[in-house]
Amino acid sequence: MSLFGAKRCCLCGTNIGVRPKKKLPCGLLCEKCSHKLSPFVKSQKFVSQDLLKSHIAYREENTKLLEKFQITRIIGEKERLVIDDWNKLFLFADRDKWSDRQPDVFHFDQVTGFDQYIESIDSMDYYESSSGIEKYVPSGSVNYNFQFTLTIDSPWFDVISMQINKDELNTNTIDCREYRQYVKILNEVKETFRPYYRIKKKVS
């Protein structure tokens, strides 16, 4: 035993020293095992090793879905909703490639509800662009963000939200081409999953 005491991964039993990669309510994880967890699941959920092992089994099954995934549509500019219309599957990714962190793959019929939200930032308010530069909205115009939320039927997730635009849309009219295009994209997402809704639930 080391001076500070041996610390082992609660999943694989590897000695991980004094600085574990991730702390869970049920124990500590090494770096390799920490990458097996879904990026959408909060650490506080794993209150027992049985729950942790059940999640890892789910992730292994999820790998099989990812192997057969065929991209037919990609929605979004920074965050992305990636759709496989052939197999009725979808996933979320923050870039075109997701090899470094396995995404969760969902079936269409796991979607139980949809909600959309168009955020507005009034004239002369300050905001931060994607490049980190603080700006203000010119007088007489408004900045908009376009977001949606899906309610998910899963033991690991309740809701997943996404913003489809990368930077705020600045406009003095909602009748502009860009505004209409973002609303069209929100409607595309809604109509994609509408046949599978089983619970009429508005998410705030």
Side-chain angles (χ1 to χ4, degrees), residues 1-112 128 130-132 147-166 189 192-193 203:
M1 182 177 291
S2 68
L3 179 63
F4 299 101
K7 294 183 179 180
R8 297 186 178 278
C9 175
C10 66
L11 193 58
C12 70
T14 301
N15 191 328
I16 53 180
V18 297
R19 292 186 177 181
K21 179 65 178 178
K22 186 179 285 290
K23 294 182 180 181
L24 306 177
C26 64
L28 307 174
L29 286 184
C30 66
E31 183 172 5
K32 182 178 179 180
C33 288
S34 68
H35 287 297
K36 296 180 180 180
L37 302 183
S38 165
F40 287 116
V41 177
K42 295 182 179 180
S43 300
Q44 295 89 333
K45 195 171 187 72
F46 302 110
V47 295
S48 70
Q49 289 198 6
D50 286 341
L51 271 175
L52 178 60
K53 291 177 181 178
S54 177
H55 180 70
I56 296 302
Y58 149 77
R59 293 285 281 170
E60 290 173 351
E61 288 297 317
N62 205 249
T63 302
K64 299 176 183 178
L65 292 178
L66 188 60
E67 289 173 350
K68 73 174 186 178
F69 198 97
Q70 300 181 56
I71 300 174
T72 56
R73 285 183 285 160
I74 297 178
I75 295 173
E77 297 175 346
K78 183 178 180 181
E79 300 176 81
R80 291 182 171 93
L81 171 65
V82 186
I83 297 175
D84 174 359
D85 290 291
W86 296 108
N87 295 301
K88 304 300 181 185
L89 301 171
F90 67 97
L91 58 84
F92 294 90
D94 59 3
R95 50 193 177 278
D96 292 328
K97 295 183 179 180
W98 43 79
S99 57
D100 61 332
R101 191 74 184 268
Q102 176 190 325
D104 292 273
V105 181
F106 303 95
H107 294 274
F108 278 19
D109 62 6
Q110 285 183 261
V111 177
T112 61
E128 188 173 299
S130 61
S131 59
Q147 305 158 348
F148 69 84
T149 297
L150 298 178
T151 54
I152 305 291
D153 180 11
S154 167
W156 310 110
F157 317 95
D158 295 318
V159 297
I160 297 179
S161 299
M162 192 187 107
Q163 180 173 305
I164 62 175
N165 57 307
K166 180 180 179 181
V189 177
T192 295
F193 300 115
V203 179

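Keep in mind it's a predicted model, so treat the numbers as computed, not measured.
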Would you list the atom pairs, donor with acceptor, under 3.5 Å between side chains in residues 64-76 and any protein atom, with sequence neighbours excluded?
unit_1, atom_1, unit_2, atom_2, d
K64, NZ, E61, OE2, 3.2
T72, OG1, I83, O, 3.0
T72, OG1, D85, N, 2.9
T72, OG1, D85, OD2, 2.6
R73, NE, D85, OD2, 2.9
R73, NH1, E188, OE2, 2.8
R73, NH1, T192, OG1, 3.2
R73, NH2, D85, OD1, 2.7
R73, NH2, T192, OG1, 3.3

Fill in: L51 side chain near C26 side chain, heavy-atom distance below 4.5 Å
no
Worksheet item: Between L29 and L24, is any pair of side-chain heavy atoms under 4.5 Å apart?
Response: yes
Discussion item. Apply side-chain hydrogen bond (donor to acceptor under 3.5 Å, both in side chains) to residues Q102 and T63 and explain how you reach the verdict.
Written reply: CA-CA 8 Å; Q102 176 190 325; T63 302; 3.1 Å; yes
Fill in: Main-chain N/O of F40 paired with S38 side-chain donor or acceptor, under 3.5 Å
yes
Worksheet item: Q163 side chain to Q147 main-chain N or O, any donor-acceptor pair under 3.5 Å?
Response: no
Item to complete: Measure the spacing between CZ of R80 and CE of M162 and express it to the nearest 0.5 Å.
Response: 9.0 Å
Worksheet item: Do the non-hydrogen side-chain atoms of K45 and W156 ever get within less than 4.5 Å of each other?
Response: yes
Practice prompt. Evaluate the side chain to side chain contact (heavy atoms under 4.5 Å, CB included) criterion for residues F92 and V82: first the C-alpha distance (whole Å), next the side-chain angles of each, then the deciding distance (0.1 Å), finally the verdict.
Written response: CA-CA 6 Å; F92 294 90; V82 186; over 6 Å; no
Worksheet entry | Side-chain (N62) to main-chain (V105) donor-acceptor, under 3.5 angstrom | yes
Worksheet item: Backbone N or O of S54 within a donor-acceptor pair of the R59 side chain at under 3.5 Å?
Response: no
Worksheet item: So which heavy atom on C10 is nearest to which on L52, and how close?
Response: SG-CD2, 3.7 Å
Worksheet item: Out of curiosity, K166 NZ to K78 NZ, how far, rounded to the nearest 0.5 Å?
Response: 7.0 Å
Fill in: Residue list, ring pair (Phe, Tyr, Trp, His ring centres under 6.0 Å) with F46, at least two apart or on another chain
H55
Discussion item. What I'd like to find out is whether the side chain of C12 reaches to under 4.5 Å of the side chain of C30, using heavy atoms alone.
Written reply: yes
Item to complete: Indicate yes or no: at least one non-hydrogen side-chain atom of F148 is less than 4.5 angstrom from one of I164.
Response: yes
Discussion item. Could you check whether any side-chain heavy atom of S154 comes within less than 4.5 Å of a side-chain heavy atom of Q110, counting everything from C-beta outward?
Written reply: yes
Fill in: Euclidean distance, S34 OG relative to L28 CG, rounded to 0.5 Å
11.5 Å
Worksheet item: So, does N87 use its side chain to make a donor-acceptor pair with the main chain of L89 at under 3.5 Å?
Response: no
Discussion item. What I'd like to find out is whether the side chain of I56 reaches to under 4.5 Å of the side chain of L11, using heavy atoms alone.
Written reply: yes
Worksheet item: For E79 and S161, which heavy atoms make the closest approach, and how far apart are they?
Response: OE1-O, 4.2 Å
Worksheet item: Would F108 and D84 count as a side chain to side chain contact (heavy atoms under 4.5 Å, CB included) if you check the C-alpha gap in whole Å, the side-chain angles of each, and the deciding distance to 0.1 Å?
Response: CA-CA 9 Å; F108 278 19; D84 174 359; over 6 Å; no
Discussion item. Check the orientation of F106 and F157. Use parallel for under 30°, tilted for 30 to 60°, and perpendicular for over 60°.
Written reply: perpendicular
Practice prompt. For side chain to side chain contact (heavy atoms under 4.5 Å, CB included), just list the numbers for V159 and L150, CA-CA rounded to whole Å, side-chain angles, deciding distance to a tenth of an Å, and then say yes or no.
Written response: CA-CA 6 Å; V159 297; L150 298 178; over 6 Å; no
Discussion item. Would D109 and F193 count as a side chain to side chain contact (heavy atoms under 4.5 Å, CB included) here? Give the steps.
Written reply: CA-CA 8 Å; D109 62 6; F193 300 115; over 6 Å; no
Worksheet item: When rounded to the nearest 0.5 angstrom, what distance separates CG in L91 from CG in L81?
Response: 8.0 Å
